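Reading through the structure tokens given below for one structure.
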Amino acid sequence: MIEQWPILSIIIFLPLFGAFLIFISEDDSYIARRKIRNVAFLTTLVVFILSLVLWVNFDNKDAGFQMQENMNWLAAGISYHIGVDGISLLFIVLSAFLIPFCILASWKSVTEQFKEYMIAFLILETMLIGVFCALNALLFYIFFEASLIPIFIIIGVWGGGNRVYASLKFFLYTLLGSLLMLIAIMAMYWEVGSLDIPTLLNYPFSCYMQNWLWLAFFASFSIKTPMWPLHTWLPDAHVEAPTTGSVVLAGILLKLGGYGFLRFSLPMFPIASANFAPLIFVLSAVAIVYTSLVAFCQKDMKRLVAYSSIAHMGYSTMGIFAENIQSIEGAIVQMLSHGIVSSALFLCIGVLYDRVHTREIIAFSGLAKNMPKYATVFFIFTMANIGFPGTSGFLGEFLTAIGVFQGNSFAAIVATSGIIFSAIYSLYLYRRVIFGTIDKENLQALTDLSFREKCILYPMILLTVVFGIYPAPVLNVLHSSVELLVNHCNNATRMVFLRW
Amino acid sequence: MLFYSLIIFLPFVGCLCSFLGTKRIGIFWSELVTCTLMVFVALCSWIAFIHMAFSEVNLLHFPLLHWVSVKNLNFDWEFRIDTLTLVMLVVVNSVSALVHIYSVGYMHHDPDRPRFFSYLSLFTFMMQLLVTSDNCLQMFVGWEGVGLVSYLLIGFWYQRSSANIAAMKAFLVNRISDFCFLIGIFCIFSLFGTFSFDVIFARALSGEFIGNLYFLNQEVIPRDALTIVCLLLFIGAMGKSAQFLFHTWLPDAMEGPTPVSALIHAATMVTAGVFMVARMSPLFALSPTALRTITFIGAITAFFAASVGLVQNDIKRVIAYSTCSQLGYMFAALGVGAYSAAVFHLLTHAFFKALLFLSAGSVIHSVSGEQDIRKMGGLRKYIPTTYCMMLIGTCALTGVGFPETLFGTAGFFSKDFIIEVVFARTHSFAFWLLVISAFLTSFYSWRLIFMTFHGKPRATFHVRESPLVMLIPLGILACGALFSGRIFHSYFLGENYKQFWKGALYNSGENLLEHVPLWVTWVPFFVMIAGFVLAFLFYISFPAIPKFLTYFFPAVYRFLLNSWYFDKLYKLVFVQPTFVLSSFLWKICDVKIIDGFGPNALAGRVLDITKRMTRMQTGYLYHYAFTMLIGIVFFMSWMMIRSFT
């Protein structure tokens, strides 16, 4: 029955509809504010439930695209084509999962222009889910770029003191990348005559063309991921963004890069991917060690977690281009896990920011005394962040590293050394903030987690732990699509070697 | 199956009850629940142990939950019960149960004690996960898990900055070795294509390698690959078991409450490395190089830690170095292939070292928290029971017993056997180091006793004997320290070896009890006596001698007191450069180079250009006219030149 419904379109555009409802409602009064947040929360909740319906109806055995919808749009080869496969499904679920929590978390912390904030978030959700559903390169590009606008506004309007610099830097970086991607998409259209992704996947681009196209896409995705040395926008953006902005940024937006690699670079340009894999390995390995080291001496909690995000995404990029099943599944698991764990860490920092209005590490100490529940929650996420076995973080790092190890043991060893560095900065942060004695007046009266905060953080704990101990539901979704991807790449590269 | 599941999971239930339910059930009940569960679990594991020891069953597997399967990479949550597992279960659960009970008395004034008990139970659970695992990955979960709980328990008094730093240090040092362990696991997967112990051992013995190991595009030949795997795993073990170079966290870990030191840093967690090597014995047996390294490191550790123990003044630190040293003995035994001797020493050591620690805790409890033995003295009259227990522990540690007879304490059977077997297997260097260590052990142990309990009181304390709830566990452990060697040595080492182990440990077929010269069996006895006599002379008869020695050999004294300056060295070589590098990478590379030449430069240049452009818009007509004129001239001349050519 569900097959007849355009469920993907509903999931994509329902938030937009919610945004419209909020747009036409009145604002400014207290009651209106309640109404707005209820509408926003309900919309996103329904989207989340629908995404679960999608998951339930997903056929794990089918490696191709499912729930496809195809309508004529601009021209031949540029159609409104959407669908999901094993790789994109989980990202949709992750986005739909995180946004309701963001809405919930911003009930108290956003005080000005609440209505516009909610609208921005709902539009953002549409764009993000759209990116993961799109099966047409132009549609993908539009969603990919349009997602930039709400987050740019969220940072620029509701951000901290230096928000204009941060949002401009963010915009400058991403714009540069996406222009190159647009050129590449145009080049592909002239070459193939279609921008339909399933068509593009099977089109044999020449080696020369692959290299250039790969580089153009790489520019965009590596900035988004972000990979070293194009990462410096991220810490600034995180520090200036409001808590929930950081959650979306770390939780979903960073995954667009990895997803793009999996959807475009790897299957469409397999030979170029094989050529450039050493470059990716070097950049990822440097990212893991370098950003972890930089994280040691950060004074702002958010900046520390932002740098740790870059290191964690380094595993993903390395795993993706190692091109074997374990490493790619590991990379996806790592992205999903990082989506939950780093979001939760940002929410934890937000809990403190709401109370004390600072994020300086030295402004806190001894919180374990008055906030034992918070200390526990924070500890669990810290452990997940350092890849403690039994949490989702370990699974991602482990699968990635063991996958990479079979191809390039040296890169895997360097990457694995990240578990030492992450332990250093995470435990340092935890010790300074949670342990010790309370030495400041304003920390004496801090209250523990409220009911709303528990509602946000506890499900995330559950998810992190269950995912770490019993990941089969997630991995089963991935197997056939990833296997197809890997076989596709291997065949393409083998063909080339045969021709030589 | 249910029976074993109960043993493994009940501590976790206790942990949850105590951690989450204290508000509802109260502190008293949460203590009662965790302690009762632990005692029950300990009794169950004894039953399981005895059952297994006298039955024909040699190995039980039971799967619990599917974990990960990605193409050829498969591993489950699965338990494995064999004799080695059961020995560990008995050790872990017995000591844990006794420590739980003891803590009721020791921690009774701490308002946070539900958290303490929940951590203790969680630790027991993790340790069981480690020892019952059927594959490397699950073992790694338990391995990191015990490290985590150790971190939590060392930093239990989180208000104390020193405790937090010690906890972090312990975690990080362990993490470095865990990193090597993990790489070792990767190598195992590359070589054998599985994580399951049985399959690994079968493939290793038959030389059937699924894949090869590559490093920087160089293929590693299988024999070297095995050595690399073993060495990596051994580095993992070194961290957990505080072996030489990785030992620095153990003395600092004494910041934690004393019951924790007894349970984690003496009896169980630190022996996980020994357990791991024993579990992997079929793999290690194939790599003589790795085994030689293990013996070497073990003997060095034994000597190093004993030498440092000579001059320490903190009662817990003395015992901590002693633990370190005894772990060195175990590794020396592992390295010569006497796996059962190592496990036997692990068992006896768990009893007497837990006894020593808990007695030390009882002393500390009696003198209201003082730990410096220079401020104690003459305590034997005030706390006679504790004194008695400590004496038994010391006798067991130093190995009091008569060679060629069966009269002796636990340490006599296990430690002297290790010394003999190391001699028999031709490691003369290791043998002499171990003998010297035995002498040092005897000396510092008796020094501790004499300084704490004998002589005149050097400070005034309000001394009172500890409550019964603390003394009863001591009594039980004392029985273990006295008799466990006598009872079990025929099973672990002697005539019942084969029926007892049933293939749980690798056995090369050689007899463990090789013939050794008579003098070798007597050497440990004599050095033990010598250590006692020397300590007696130094600290009872002529107390001026130690002062005299410190005065005339200050360099040696400081060298030992600072434990060979390892902490300072590491700080200089690793810690400080890391932070310098970190701030360099951030302040220079990120901010100055990447941002400076990247986005900021771009934005800056755009700004410069637009500023110049605005400067051009002067508003004067003659400026514009002049520009136009230049343009026209340029254009005309270009046309002319083009028409020429």
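Bear in mind that the values here come from a model prediction, so they are computed numbers and not experimental data. Throughout, a chain's letter reflects where its sequence line sits, starting with A, and its residues are numbered from 1.
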Verify, without hydrogens or angle tests, whether [X] (side chain) and [Y] (backbone) share a donor-acceptor contact under 3.5 angstrom.
X	Y	value
A:D448	A:Y374	yes
A:N476	A:A472	yes
A:E240	A:N162	yes

Tell me, side chain or backbone of [X] under 4.5 Å from chain A's heavy atoms, or both, or neither?
X	result
B:L73	both
B:I593	neither
B:D112	neither
B:L581	side chain
B:F579	side chain
B:F19	side chain
B:S583	both
B:L585	both
B:W77	side chain
B:F140	both
B:C187	both
B:F179	both

Please flag which part of [X] lies under 4.5 Å from any non-hydrogen atom of chain B: side chain, backbone, both or neither.
X	value
A:W228	side chain
A:S417	both
A:N408	neither
A:I438	neither
A:R303	side chain
A:A401	both
A:Q326	both
A:I402	both
A:I424	both

Do we see a donor-acceptor contact under 3.5 Å between the side chains of [X] and [Y]?
X	Y	value
A:D439	A:S365	yes
A:S392	A:S337	yes
A:Q334	A:T400	no
B:N135	B:W67	no

Determine the interplanar angle of the [X] and [Y] rings, folded into 0 to 90°, and report it as parallel if under 30°, tilted if 30 to 60°, perpendicular if over 60°.
X	Y	answer
A:F405	B:F186	tilted
A:F421	A:F296	tilted
B:F125	B:F9	tilted

Exercise. Give the C-alpha distance, both sets of side-chain angles, the deciding distance and a yes or no for side-chain hydrogen bond (donor to acceptor under 3.5 Å, both in side chains) between A:Y173 and A:T232.
Key: CA-CA 9 Å; A:Y173 261 112; A:T232 57; 2.7 Å; yes

Best-contacting candidate, [options], against chain B by heavy atom pairs under 4.5 angstrom:
options	value
A:F394, A:Y430, A:W233, A:F398	A:F398
A:T437, A:I420, A:L230	A:I420
A:L475, A:L172, A:I386	A:I386
A:G366, A:G390, A:A368	A:A368
A:L478, A:L176, A:I469	A:I469
A:P471, A:P235, A:P389	A:P389

Quiz prompt | Validation row: B:N174, B:W249 side chains within 4.5 angstrom (heavy atoms) | solution = yes

Self-check item: Any side-chain heavy-atom pair of A:T291 and B:W586 under 4.5 Å
Solution: no

Quiz prompt | Atom NZ of A:K369 with >12 non-hydrogen neighbours under 6.0 angstrom | solution = no

Quiz item: Is the A:F152 to A:F170 ring centre distance short of 6.0 Å?
Solution: no

Exercise. Tell me whether the centres of the aromatic rings in B:F195 and B:F189 are closer together than 6.0 Å.
Key: yes

Self-check item: Residue among B:V141, B:L148, B:N72 with most heavy-atom pairs under 4.5 Å to chain A
Solution: B:L148

Quiz prompt | Top contributor to chain A interface from B:N164, B:I165, B:I185 [non-hydrogen pairs under 4.5 Å] | solution = B:N164

Quiz item: salt bridge (charged side-chain N to carboxylate O under 4.0 Å, His left out) between B:R175 and B:D178: does it pass, once the steps are laid out?
Solution: CA-CA 5 Å; B:R175 194 85 188 178; B:D178 289 357; 5.8 Å; no

